[in-house]
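Worksheet: the structure to be examined is printed underneath.
Numbered from 1 within each chain, the chains take letters A, B, ... in sequence-line order.
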Protein chains: 2
Amino acid sequence: MINAENRIDMKTLQEYLIKKGINPSFQRLKILEYLMENNTHPTVDNIYNALINIIPTISKTTIYNTLKLFVEKNLAQTITIDENEVRYDGNVEPHAHFKCIKCGKVYDIKIDSANFDYNEVDGHKVLECHIYFKGICKNCINM
Amino acid sequence: MINAENRIDMKTLQEYLIKKGINPSFQRLKILEYLMENNTHPTVDNIYNALINIIPTISKTTIYNTLKLFVEKNLAQTITIDENEVRYDGNVEPHAHFKCIKCGKVYDIKIDSANFDYNEVDGHKVLECHIYFKGICKNCINM
DNA sequence: GTATCTGCAAAACATTTGCAATTCT
DNA sequence: AGAATTGCAAATGTTTTGCAGATAC
């Protein structure tokens with residue numbers, strides 16, 4: 001879906017929203033575009049601060065509403081790697097995350113899908129499995 | 001540390017706090033006792049509502065302060081399995097958690113320590129590894 | 001014209017902070 | 001008395017809610 005310059009055309013995004021049963025308003029398109037083009041696991045505030053330059057009238061309420069809708073329709077997932085900061089990820093495939101305690105950046109980590117393949121643990125039915133790491137990222141380790 | 005009735009005597013708790021470099025005030029002892037006797041991964045509110053019956057003057061500020069101190073001194077760890085609810089766990093050994101999406105209960109899951117033994121992922125230095133599952137617990141699955 | 005979507009303002013929560021009162025030794 | 005601890009009240013920050021106006025079909 002993403003080309004070499006990490007840009008996605010609006011038409012593709014629009015079709016994606018419709019396919020998922022979401023009315024493709026301009027705000028929703030831009031929020032989806034931001035999620036797709038930046039795999040930085042943004043907070044609501046991150047998205048708001050980026051989009052206020054493009055849509056000066058956008059409100060945080062709309063961002064909250066839209067992200068909630070995206071999570072319900074499985075276009076995004078929430079990441080709660082740290083207390084008091086909910087982040088959003090447009091990648092809904094199973095994968096792990098790594099958060100650097102120095103720079104705060106959150107990286108995607110590919111994990112052997114076998115490690116994710118729990119049907120049950122201790123007799124409980126497993127529907128989701130989340131894995132995250134904390135430490136020093138490779139950019140910070142040499143500083 | 002815990003006997004058959006899941007009760008711990010105050011003397012033992014007091015020695016534990018002192019060993020960890022914490023002045024054993026009555027409030028701190030009771031918060032530690034609650035954590036140790038209830039492995040229910042309580043929120044600040046859970047602890048407050050339980051202790052207000054024992055110490056009618058206790059404040060949430062004290063609970064926040066004390067838990068922060070316990071985490072610093074490695075007597076407890078925070079669990080952020082769901083956005084907007086920080087839970088505390090008196091078990092600081094590496095282990096996974098399972099949260100039931102029906103009843104909301106959080107269970108401890110023993111995990112082969114080999115699965116926790118990452119030194120590095122993708123070149124990043126790993127200091128902590130957290131794993132949690134969501135699904136339907138064995139008590140809710142037959143209801 | 002009716003449904004939906006947006007965004008302001010207020011409300012609802014959780015957590016932190018400043019500070020004064022209390023407790024402990 | 002002096003240092004640490006506690007707890008009230010206010011501040012902060014994030015997310016939700018109610019609702020009125022705007023937009024889309």
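- If you check residues 49-66 of chain B against DNA chain D, the residues with a heavy atom closer than 4.0 Å are B/T57, B/I58, B/S59, B/T61, B/T62, listed by number.
- Between A/H41 and A/H95, the ring planes lie tilted relative to each other; the angle falls in the 30° to 60° range.
- Counted by atom type alone, B/T12 and B/D9 present one or more donor-acceptor pairs between their side chains at under 3.5 Å.
- As judged by a 4.0 angstrom heavy-atom cut-off over every strand, A/Q27 is placed among residues touching the sugar-phosphate backbone only.
- Across all strands, A/D45 comes closer than 4.0 Å to no nucleic acid atom at all (heavy-atom distances).
- For the salt bridge (Lys or Arg N to Asp or Glu O under 4.0 Å) test, residues two or more places apart in sequence or in another chain that qualify with B/D45 are B/K60.
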message = Using side-chain contact (heavy atoms from CB on, under 4.5 Å), reason through A/Y16 and A/L75 one step at a time and then give a plain yes or no.
response = CA-CA 9 Å; A/Y16 184 56; A/L75 275 82; 3.7 Å; yes
task = Decide side-chain contact (heavy atoms from CB on, under 4.5 Å) for B/K30 and B/M10; before the verdict, give the C-alpha distance in whole Å, the side-chain angles of both, and the deciding distance to 0.1 Å.
result = CA-CA 9 Å; B/K30 283 298 176 186; B/M10 284 288 134; 3.5 Å; yes
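- Contacts between chain B and DNA chain C, taken as any atom within less than 4.0 angstrom of a protein heavy atom, begin and end at C/dA14 to C/dT17.
- The aromatic rings of A/F98 and B/H124 lie parallel to each other, their planes meeting at an angle below 30°, with 60° marking the opposite boundary.
- With a cut-off of 3.5 Å on both Watson-Crick or G-U wobble distances, the partner of D/dT14 is given as C/dA12.
- Nucleotides of DNA chain D that come within less than 4.0 Å of any heavy atom of chain A span, from the 5' end to the 3' end, D/dT14 to D/dT17.
- Identified under the salt bridge (charged side-chain N to carboxylate O under 4.0 Å, His left out) test for residues 64-83 of chain B, with sequence neighbours left out: B/D82-B/K99, B/D82-B/K134.
- The closest side-chain donor-acceptor pair between B/T43 and B/N46 falls under 3.5 angstrom.
- Under the 4.5 Å side-chain criterion, counting only non-hydrogen atoms from C-beta, B/Y118 is not in contact with B/L127.
- Nucleotide D/dT23: unpaired (no Watson-Crick or G-U wobble partner with both distances less than 3.5 Å).
- Taking the O4'-C1'-N9-C4 or O4'-C1'-N1-C2 dihedral as appropriate, C/dA3 has a value within 90° of 0 and is therefore syn.
- Dense packing is recorded around NZ of B/K102, with more than 12 heavy atoms of other residues, nucleotides or ligands lying under 6.0 Å away.
- Applying the salt bridge (Lys or Arg N to Asp or Glu O under 4.0 Å) criterion to A/R28, with sequence neighbours excluded, gives no partner residue.
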